[in-house]
Amino acid sequence: TLTGYGRVGVSYLGGGGTVAGTTLTGGGGPLTYGVQAFDGAAVLVTGNVIAGHTGGAGGAASAGVFVSTLPPANPAVVAVVGNRLSGNAVGLLVGDGSGPDPSAVTAGYNQLAGNGVGAAAEFSTVAVDARFNWWGDPSGPGGPPGGLGDSVSGNVRTDGFLAAPLPVAVASGVADY
């Protein structure tokens with residue numbers, strides 16, 4: 001369990017790793033992230049409860065999981081599987097607005113409910129694959145998909161959403177479901 005951290009609970013700048021089976025609860029700063037992955041990082045985020053990242057600063061929003069590629073670096077490759085992301089300004093945020101973001105993000109079998117925005121990828125040049133998630137309502141995510149759950153914005157694929165939440169569970173990837 002990580003709580004009360006300043007800006008970021010777990011951060012990857014390049015390299016890679018796994019964040020599994022942890023509770024990450026928002027820190028004390030105005031702009032916080034539970035997990036952030038930058039610049040060529042290859043990260044699996046699985047079986048976590050990530051909540052309470054609610055602030056914002058300078059037009060940026062806090063997020064449960066934040067993925068970004070700062071130009072001209074290598075794209076991050078991130079899988080977000082079997083987590084509960086709730087009570088965040090944004091559950092899953094891809095791109096920071098500094099330019100087009102080529103990060104590759106797959107997010108499936110998560111609970112993305114109770115956030116200000118479920119998933120946002122306004123600057124993503126690659127569609128975020130956010131299929132097979134629970135968005136807080138059986139009708140699916142809000143926004144362009146037209147459901148009543150947490151909203152999505154930007155380049156996010158949400159077809160095939162879940163009609164009920166699955167339990168939080170550690171997985172080695174989407175194939176485990």
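Being a predicted model, the structure only gives us computed values, none of them experimental.
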K.L.:
Look only at the side chain of Asp39 and the backbone of Gly14, and say whether a donor-acceptor pair between them is shorter than 3.5 Å.
P.N.:
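The answer is no, because no donor-acceptor pair under 3.5 Å joins these two groups.
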K.L.:
Quick check on the hydrophobic clustering: are Leu13 and Tyr33 connected, directly or via other members, by side-chain heavy-atom contacts under 4.5 Å?
P.N.:
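Leu13 clusters together with Tyr33.
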K.L.:
Please find the pair of heavy atoms, one from Thr32 and one from His53, that lie closest to each other, and give the distance.
P.N.:
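Answer, listing the atom of Thr32 first, then His53: OG1-CD2, 3.3 Å.
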K.L.:
Distance from Thr158 atom OG1 to Asn133 atom CG, nearest 0.5 Å?
P.N.:
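Spacing of OG1 (Thr158) from CG (Asn133) equals 9.0 Å.
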K.L.:
Give the minimum heavy-atom separation between Ser151 and Val117, together with the two atoms involved.
P.N.:
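Scanning both residues, the minimum pair turns out to be O-CG1, 3.5 Å.
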K.L.:
Nearest 0.5 angstrom please: Leu31 CG to Ser62 OG, how far?
P.N.:
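Rounded to the nearest 0.5 Å, the CG-OG separation comes to 4.5 Å.
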K.L.:
At what distance, to the nearest 0.5 angstrom, does CG of Asn88 lie from OG1 of Thr54?
P.N.:
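Taking CG in Asn88 and OG1 in Thr54, the distance rounds to 8.0 Å.
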K.L.:
Look up atom CZ in Phe161 and atom CZ in Arg131, then write down how far apart they are to the nearest 0.5 Å.
P.N.:
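Spacing of CZ (Phe161) from CZ (Arg131) equals 13.5 Å.
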K.L.:
Looking only at heavy atoms, which two atoms of Ala41 and Ala37 are closest? And how far apart?
P.N.:
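Where Ala41 meets Ala37 most closely, the heavy atoms are CB-CB, 4.1 Å.
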K.L.:
Please report the closest heavy-atom contact between Val65 and Val45, naming both atoms and the distance.
P.N.:
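Where Val65 meets Val45 most closely, the heavy atoms are CG2-CG1, 4.4 Å.
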K.L.:
Hydrogens and angles aside, do Thr69 and Ser103 bring a side-chain donor and acceptor to less than 3.5 Å of each other?
P.N.:
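Yes, Ser103 and Thr69 have a side-chain donor paired with an acceptor closer than 3.5 Å.
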K.L.:
Answer yes or no: is there a donor N or O on one side and an acceptor on the other, between the side chain of Asp137 and the main chain of Ser139, under 3.5 Å?
P.N.:
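The answer is yes, because a donor-acceptor pair under 3.5 Å joins these two groups.
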K.L.:
What are the two closest non-hydrogen atoms of Gly114 and Asp150, and how far apart are they?
P.N.:
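For Gly114 versus Asp150, the nearest heavy atoms are N-OD1, 3.0 Å.
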K.L.:
Tell me whether Asn115 contacts the main-chain N or O of Leu85 through its side chain, where contact means a donor paired with an acceptor under 3.5 Å.
P.N.:
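Here the side-chain-to-backbone pair exists.
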K.L.:
Testing the 3.5 Å rule here: is there a donor-acceptor pair between the side chains of Ser153 and Glu122?
P.N.:
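There is such a pair (donor and acceptor under 3.5 Å, judged by atom type) between the side chains of Ser153 and Glu122.
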K.L.:
If only atom types and distance count, is the side chain of Ser124 paired as donor or acceptor with the main-chain N or O of Val126 below 3.5 Å?
P.N.:
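Confirmed, Ser124 side chain pairs with Val126 backbone.
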K.L.:
Grab the two heavy atoms, one from Ser68 and one from Asp96, that are nearest each other, plus how far apart they are.
P.N.:
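The pair with the smallest heavy-atom distance is OG-CG, 3.5 Å.
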K.L.:
So, does Asn48 use its side chain to make a donor-acceptor pair with the main chain of Gly21 at under 3.5 Å?
P.N.:
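Yes, because the side chain of Asn48 sits within donor-acceptor range (under 3.5 Å) of the backbone of Gly21.
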K.L.:
Within the 4.5 Å heavy-atom criterion, are Tyr5 and Leu24 side-chain neighbours or not?
P.N.:
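Result yes, sub-4.5 Å side-chain heavy-atom pair found.
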K.L.:
Ring-plane angle category for Phe66 and Phe38, please: parallel below 30°, perpendicular beyond 60°, tilted otherwise.
P.N.:
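Correct class here is perpendicular.
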K.L.:
Kindly work out whether a path of hydrophobic side-chain contacts (I/L/V/M/F/W/Y, heavy atoms less than 4.5 Å apart) joins Tyr12 to Leu92.
P.N.:
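Hydrophobic grouping puts Tyr12 with Leu92.
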K.L.:
Atom CZ in Arg157, atom OG1 in Thr106: separation rounded to 0.5 Å?
P.N.:
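It comes to 10.5 Å.
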K.L.:
For residues Phe132 and Leu44: do they belong to one hydrophobic cluster (side chain heavy atoms under 4.5 Å, members Ile, Leu, Val, Met, Phe, Trp, Tyr)?
P.N.:
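Yes; tracing contacts between hydrophobic side chains, which count when under 4.5 Å, links both residues.
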K.L.:
Taking Val43 as the starting point, is it possible to reach Leu2 by hopping between hydrophobic residues whose side chains are less than 4.5 Å apart?
P.N.:
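Yes, same cluster.
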K.L.:
With a 4.5 Å limit on heavy-atom distance, are the side chains of Trp135 and Val152 in contact?
P.N.:
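The answer is yes; the side chains approach within 4.5 Å.
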K.L.:
Should Val10 and Val49 be regarded as members of a common hydrophobic cluster, given that ILVMFWY residues are connected when their side-chain heavy atoms come within less than 4.5 Å of each other, either directly or indirectly?
P.N.:
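Different clusters.
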K.L.:
Out of curiosity, Leu93 CG to Gln36 CD, how far, rounded to the nearest 0.5 Å?
P.N.:
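Those atoms lie 11.0 Å apart.
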K.L.:
With Ala20, which residues qualify under side-chain contact (heavy atoms from CB on, under 4.5 Å), at least two apart?
P.N.:
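If we apply the side-chain contact (heavy atoms from CB on, under 4.5 Å) test to Ala20, skipping adjacent residues, the hits are Thr18, Thr46, Val170.
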